[in-house]
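Along the sequence shown, the residues carry numbers beginning at 1. Values below: all heavy atoms of this structure, side chains included; hydrogens, waters and symmetry mates excluded.
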Amino acid sequence: MKEILYSTKFVNLTASKREGKPDWVYAHRPNAGNVVIIVPLIHKKDGDYTLFLITKRPPITEEYGEKYCVEFPAGLVGDENSLETTDEAFRKELLEETGYETSNFKIKAENLVSSGGLTSEKSTLATADIFDTEKKAEPVDDGGVIIDRVEVPLQDVKKFIDDIQAKGYYMCAQTLAGVYYLLNK
């Protein structure tokens with residue numbers, strides 16, 4: 001049994017009422033059944049690349065100061081259109097956040113959770129092969145959240161991660177999962 005303690009458009013604070021045990025409070029997204037995580041694999045004439053987003057997330061900056069996060073493109077499924085499918089969300093989010101298009105998505109992992117004790121949010125992670133490197137749209141900044149996009153040659157991904165960690169950046173757990181699938185293709 002659950003009880004909604006506090007509700008906003010995008011997040012509910014929910015309590016799980018468990019018999020004989022204290023309540024467990026967690027975050028739940030009322031308007032999204034899934035999150036898509038897209039691991040771009042960009043095929044250029046001089047080699048293969050991936051694309052990382054550098055973001056500024058309010059929960060991180062509020063708690064830890066002016067820190068940046070490193071992420072792959074991602075988005076909620078059904079937040080704007082309740083009939084949206086996961087496949088449609090993959091295409092939409094890739095175009096919005098990178099300007100690239102592809103129909104070649106390969107699902108690598110489903111039902112990923114980043115913090116099962118804090119949130120009910122689950123994700124589906126897929127790689128996206130991008131052969132046409134011409135941008136089809138101007139990428140959005142998502143209300144100022146996305147502050148940079150960095151294309152990294154695949155052979156330099158580990159060095160990139162080491163460098164950003166040395167700078168004190170934060171990295172989303174799903175991003176590390178994506179790197180695993182990217183480098184073990």
Side-chain angles (χ1 to χ4, degrees), residues 4-16 23-40 42 49-81 84 89-90 92-100 109 111-126 128 135 137-152 156-183:
I4 297 173
L5 303 174
Y6 186 76
S7 182
T8 70
K9 181 179 177 182
F10 294 105
V11 178
N12 288 347
L13 192 58
T14 305
S16 173
D23 296 342
W24 194 290
V25 178
Y26 62 95
H28 174 74
R29 290 195 186 271
N31 61 336
N34 199 6
V35 175
V36 292
I37 311 293
I38 304 141
V39 182
I42 306 164
Y49 291 73
T50 193
L51 184 144
F52 291 99
L53 303 178
I54 308 300
T55 64
K56 195 172 182 181
R57 297 286 184 180
I60 301 302
T61 59
E62 288 298 322
E63 295 296 327
Y64 307 112
E66 291 297 312
K67 299 290 184 178
Y68 298 113
C69 290
V70 177
E71 306 175 39
F72 280 124
L76 302 174
V77 179
D79 62 329
E80 296 171 359
N81 170 6
E84 180 178 50
F90 276 125
K92 178 186 79 169
E93 295 297 338
L94 179 67
L95 181 63
E96 282 180 4
E97 295 188 359
T98 70
Y100 290 124
N111 298 321
L112 293 174
V113 294
S114 60
S115 184
L118 177 64
T119 177
S120 62
E121 182 177 87
K122 65 184 178 88
S123 303
T124 299
L125 185 142
K135 300 272 178 131
E138 184 65 34
V140 300
D141 70 359
D142 206 11
V145 169
I146 300 171
I147 61 166
D148 200 6
R149 290 164 182 79
V150 181
E151 288 190 9
V152 177
D156 296 339
V157 167
K158 183 174 179 344
K159 181 182 179 332
F160 173 78
I161 291 170
D162 290 344
D163 290 348
I164 56 116
Q165 288 183 330
K167 291 180 183 177
Y169 286 25
Y170 288 73
M171 181 169 275
C172 293
Q174 293 95 329
T175 302
L176 284 179
V179 167
Y180 169 81
Y181 288 106
L182 182 68
L183 298 180

Assess whether side chain to side chain contact (heavy atoms under 4.5 Å, CB included) is satisfied between Leu51 and Leu53, documenting all intermediate values.
CA-CA 7 Å; Leu51 184 144; Leu53 303 178; 3.7 Å; yes

Results of side-chain contact (heavy atoms from CB on, under 4.5 Å) for [X] - residues two or more places apart only:
{"X": "Ala32", "result": "Arg29, Leu76"}
{"X": "Cys69", "result": "Thr55, Arg57, Ile60, Glu71, Tyr170"}
{"X": "Asp142", "result": "Glu97, Val145, Ile146"}
{"X": "Asp141", "result": "none"}

Tell me, with the steps shown, if Ile54 and Val70 meet side chain to side chain contact (heavy atoms under 4.5 Å, CB included).
CA-CA 5 Å; Ile54 308 300; Val70 177; 3.9 Å; yes

With sequence neighbours excluded, residues passing side-chain hydrogen bond (donor to acceptor under 3.5 Å, both in side chains) with [X]:
{"X": "Glu151", "value": "Lys44, Tyr100"}
{"X": "Lys135", "value": "none"}
{"X": "Thr119", "value": "none"}

Of all residues at least two apart in sequence or in a different chain, which pass the ring pair (Phe, Tyr, Trp, His ring centres under 6.0 Å) check with Phe52?
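Here the qualifying residues are Phe72, Phe160.
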
Ring pair (Phe, Tyr, Trp, His ring centres under 6.0 Å) partners for Tyr68, two or more places apart
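With neighbours one apart ignored, the set is Tyr169.
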
With a 4.5 Å limit on heavy-atom distance, are the side chains of Asn12 and Ser7 in contact?
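With C-beta onward as the side chain, the pair touches.
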
What is the distance from atom CG of Asn31 to atom OG1 of Thr8, rounded to the nearest 0.5 Å?
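Answer for the CG-OG1 pair, Asn31 versus Thr8, is 8.5 Å.
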
Roughly how far, to the nearest 0.5 Å, is CG of Leu125 from CG of Asn111?
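That separation rounds to 12.0 Å.
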
Could you list the residues that satisfy salt bridge (Lys or Arg N to Asp or Glu O under 4.0 Å) with Asp163, not counting sequence neighbours?
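Partners of Asp163 under the salt bridge (Lys or Arg N to Asp or Glu O under 4.0 Å) test: Lys159.
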
Please list, chain by chain and in numerical order, all residues satisfying salt bridge (Lys or Arg N to Asp or Glu O under 4.0 Å) with Lys158, sequence neighbours excluded.
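Listed in chain order: Asp162.
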
Taking only residues at least two apart or on different chains, which pairs with a member in residues 58-69 satisfy salt bridge (Lys or Arg N to Asp or Glu O under 4.0 Å)?
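For residues 58-69: Lys56-Glu66.
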
Is it true that a side-chain atom of Thr50 and a backbone atom of Pro40 form a donor plus acceptor pair closer than 3.5 Å?
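The answer is yes, because a donor-acceptor pair under 3.5 Å joins these two groups.
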
What are the two closest non-hydrogen atoms of Phe10 and Pro30, and how far apart are they?
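Looks like O-CD, 3.4 Å.
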
